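Single-structure report; data block below.
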2 protein chains.
Amino acid sequence: MPTMADVARRAGVSAKTVSNVLSGYPYIRESTRERVMAAVDELGYEINVTARIFRSGRTGVVGLAVPELGQPYFGELADEILEAARRRGLHVLIQPTGFTREGELAALREPRRKLVDGLLFSPAALEQADAHLLDDLGYPLVLLGEQMFSTRVDHVTMQNVEGARAATDLLLDAGRRQIAVIGMLHSPTAGSSNLRFTGYREALAARGITVDPRLLGWADDGWHRGNGARAMADVLDAGVEVDGVVAFNDALALGAMYALQVRGRSIPDDVAVVGFDDIEDAQYSMPALTTVDPGRRDIAEVAVALLHDRLTGAAPAEPVLHVADMRIVERGSTPTRR
Amino acid sequence: MPTMADVARRAGVSAKTVSNVLSGYPYIRESTRERVMAAVDELGYEINVTARIFRSGRTGVVGLAVPELGQPYFGELADEILEAARRRGLHVLIQPTGFTREGELAALREPRRKLVDGLLFSPAALEQADAHLLDDLGYPLVLLGEQMFSTRVDHVTMQNVEGARAATDLLLDAGRRQIAVIGMLHSPTAGSSNLRFTGYREALAARGITVDPRLLGWADDGWHRGNGARAMADVLDAGVEVDGVVAFNDALALGAMYALQVRGRSIPDDVAVVGFDDIEDAQYSMPALTTVDPGRRDIAEVAVALLHDRLTGAAPAEPVLHVADMRIVERGSTPTRR
DNA sequence: ATGAAAGCGCTAACAC
DNA sequence: GTGTTAGCGCTTTCAT
């Protein structure tokens, strides 16, 4: 394998000049650049990225710590993030944390070993009480989601309360009053579940309706379809009438629709359903799912841009908090509005 | 940041001994190991992975080139591969190729730059005619899927023909004779589409049935749900009776079910549907989808093990071809067998 | 079972 | 605009 010194010899220049050419250093005579590139081609030279990384201390790789890619929200988010990174010449090392504390702590340690320059971190197991773990990490970190907050790190998140309130309002506007919630968690974390429940509660309160505990569907084992179906079945089994459902993500909503239809409920006539996330599947369910688009593409783009700016020193001194705009996407699972 | 020399000084040993301890070299006196580990803890030392990589020439990172993670099959496959790699102490750099030739060629070039030690490659745009591109790459490559074949590289794949034949037989056994196919491609590649069509054709031929071209649903724009719905609608619009559907993946099948139900067909009574892949969604559709489980977990495990063995020199000299076993998972979209 | 010396291939810092 | 020098922090090689 030829090295930079071989290229330099062949081109009749120094290794540093070859390095300059290959790094895009601008002040180089055109004739020199051409000579160097010709030598590169003739030798079939490919730069040894590991030597460059070692010497420069920058890998050009950022970590992405998410619970799991099989969940459509994270799979689609990962695609958006990989694309945003690619456009900036960054590679991404994905570390699925499996919803575990150890997995997330391991992801936080990784950049210290210098394999990645910074981290995009979507916590699911760590809690608000662990926020101090994000201080003085020694590398740039961008927090995603709403599991924890810190005034000391960059954070990109979504309008959880507003989204859930808008979803609930949509059902209330359609005259629904027995609105179940799917996706409650017993654990007292500051995560999406609590925020989305707050939106639900606020929407009801604004119309003077109190929360009926029999309408709360619990999904402590994860926001998968199966748990959505189970939680919906639990609510129906409790014997309470239901004419609307706010699910805390689309997978839960699709599972809930399944449970409703198995029990002979018609959607949206008997029960109207709203999800959260706008995953691709939401377009093709039967009926298609009305849902909250949390602005996923914007989240990916802003998060990567922010991390990139931190790495290049282009970001502001103060930590940035970016909240993407949500919007409701109306489809067949809710009645058409007049 | 402390270096290995700092740890060595503190522990009263040489840098090499520290290196030996941290690399798991077995022949080290227990007392020495303890002294070294104590020094590591006291200094809060973390090894500089980039220096290790640079010197050793091995990154411990393998590339995974797949079309996109948003497609559930690839998202779930990626999770399985990441887990199999994690168990072996390997990191994975995912490179979505976006179904493009350039994306796939870029992925093939990446290991030459030494950022990854080897590559797991699931081609979608390259074709059989490009197989020579896989020769003499200078790094270990494991091919996934059936887009291209080569006798010169390791290959892990699935029983495409057998799976599609079994899916078709299941419908034939149920008395269905007007069986549509969803997922035909016009491009003459050696991919899954052609193999699965072969299985379909063989199953029909075994019963003396010829293929009716009006029953072929084309999905050249990708195997997404929307295209499955569109292809199914095209077949129905052609005015031919349909009592069964073999879809070449689950997303197409779910889209086809949507189109069938929109047009008032009952599943499985009017039309029975079988998919391919056994993605998680297949369990929660309405009705739940009968599908071919291609052995995805086995594919991930074997592919990573094979690449790992190549990197450590433990693999056999000859290229390995591993074909995972398929099995049919019967659910509500096909009639119950007596 | 441990140590000493060498050097991987590149870029930072500075010289000219 | 380009060259010189030095050295990043580890592992390899070889010695003991």
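In what follows, chains carry the letters A, B, and so on, assigned in the order in which the sequence lines appear, proteins first and then strands, with residues in each chain numbered from 1. Note that the structure is a prediction, hence the values are computed from the model and not measured.
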Inset, instruction - Report the distance from atom CG of Leu115(A) to atom C1' of dC10(D), rounded to the nearest whole Å. - result: 15 Å

Inset, instruction - Using atom CE of Met4(B) as one end and atom P of dT12(D) as the other, report the distance to the nearest whole Å. - result: 11 Å

Quiz: residues 132-139 of chain B side-chain donor-acceptor pairs under 3.5 angstrom, not counting sequence neighbours:
unit_1	atom_1	unit_2	atom_2	d
His132(B)	ND1	Ala129(B)	O	3.2
Asp135(B)	OD2	Arg152(B)	NH1	3.2
Tyr139(B)	OH	Leu108(B)	O	2.6

Legend entry - Nearest-Å distance for atom pair OH/P, residues Tyr27(B) and dT2(C): 13 Å

Atom pairs and distances, side-chain donor-acceptor, residues 295-305 of chain A, under 3.5 Å, sequence neighbours left out:
unit_1	atom_1	unit_2	atom_2	d
Arg296(A)	NH1	Asp277(A)	O	3.2
Arg296(A)	NH2	Glu76(A)	OE1	2.9
Arg296(A)	NH2	Asp278(A)	O	3.4
Arg297(A)	NE	Glu80(A)	OE1	3.0
Arg297(A)	NH2	Glu80(A)	OE1	3.1
Asp298(A)	OD2	His322(A)	NE2	3.0
Glu301(A)	OE1	Arg87(A)	NH2	2.4
Glu301(A)	OE2	Arg88(A)	NH1	3.4
Glu301(A)	OE2	Arg88(A)	NH2	2.7

Legend entry - side-chain contact (heavy atoms from CB on, under 4.5 Å) between Arg33(A) and Glu30(A), worked out: CA-CA 5 Å; Arg33(A) 178 196 313 283; Glu30(A) 189 51 38; 3.5 Å; yes

Inset, instruction - Find the distance Arg58(A):CZ to dT11(C):P and express it as a whole number of Å. - result: 13 Å

Inset, instruction - Answer yes or no: is there a donor N or O on one side and an acceptor on the other, between the side chain of Glu104(A) and the main chain of Ala125(A), under 3.5 Å? - result: yes

Inset, instruction - Considering just the side-chain nitrogens and oxygens of Ser14(B), establish if one lies under 4.0 Å of OP1 or OP2 belonging to dA4(C). - result: no

Inset, instruction - Could I get the full list of salt bridge (charged side-chain N to carboxylate O under 4.0 Å, His left out) partners for Asp6(B), not counting sequence neighbours? - result: Arg9(B)

Legend entry - Ser19(B) side-chain N/O to dC10(D) phosphate OP1/OP2 under 4.0 Å: no

Inset, instruction - Could you tell me the separation between the CZ atom of Arg9(B) and the P atom of dG9(D), rounded to a whole number of Å? - result: 12 Å

Legend entry - Glu318(B) atom CD: more than 12 heavy-atom contacts under 6.0 Å: no

Inset, instruction - Please list, by residue number, the residues of residues 31-57 of chain A whose heavy atoms come closer than 4.0 Å to an atom of DNA chain D; answer none if no residue qualifies. - result: Thr32(A), Phe54(A), Arg55(A)

Legend entry - Contacts of Arg86(B) that satisfy side-chain contact (heavy atoms from CB on, under 4.5 Å) - sequence neighbours left out: Glu83(B)

Legend entry - Nucleotide dC10(D), atom P - distance to CG of Asp6(B) in whole Å: 9 Å

Inset, instruction - Taking all heavy atoms of Pro140(A) and all of Leu311(A), pick out the closest pair and write down the distance. - result: CG-CD2, 3.6 Å

Give me the distances for all protein-to-nucleotides 13-16 of chain D N/O pairs that come in under 3.5 Å?
none

Inset, instruction - Determine the sole option in Leu307(A), Leu82(A), Val92(A), Leu77(A) for which the side-chain contact (heavy atoms from CB on, under 4.5 Å) test with Leu64(A) is passed. - result: Val92(A)

Legend entry - Spacing between Tyr25(B) atom OH and dT12(D) atom P, to the nearest angstrom: 12 Å

Legend entry - Comparing Ser23(A) and Asn20(B) on DNA chain C - which has the more 5′ nearest nucleotide: Asn20(B)

Legend entry - Rounded distance in Å - CZ (Arg112(B)) to C1' (dG9(C)): 19 Å

Inset, instruction - Choose from dG1(D), dT2(C), dT11(D) the nucleotide whose nearest atom is closest to any side-chain atom of Arg29(A). - result: dG1(D)

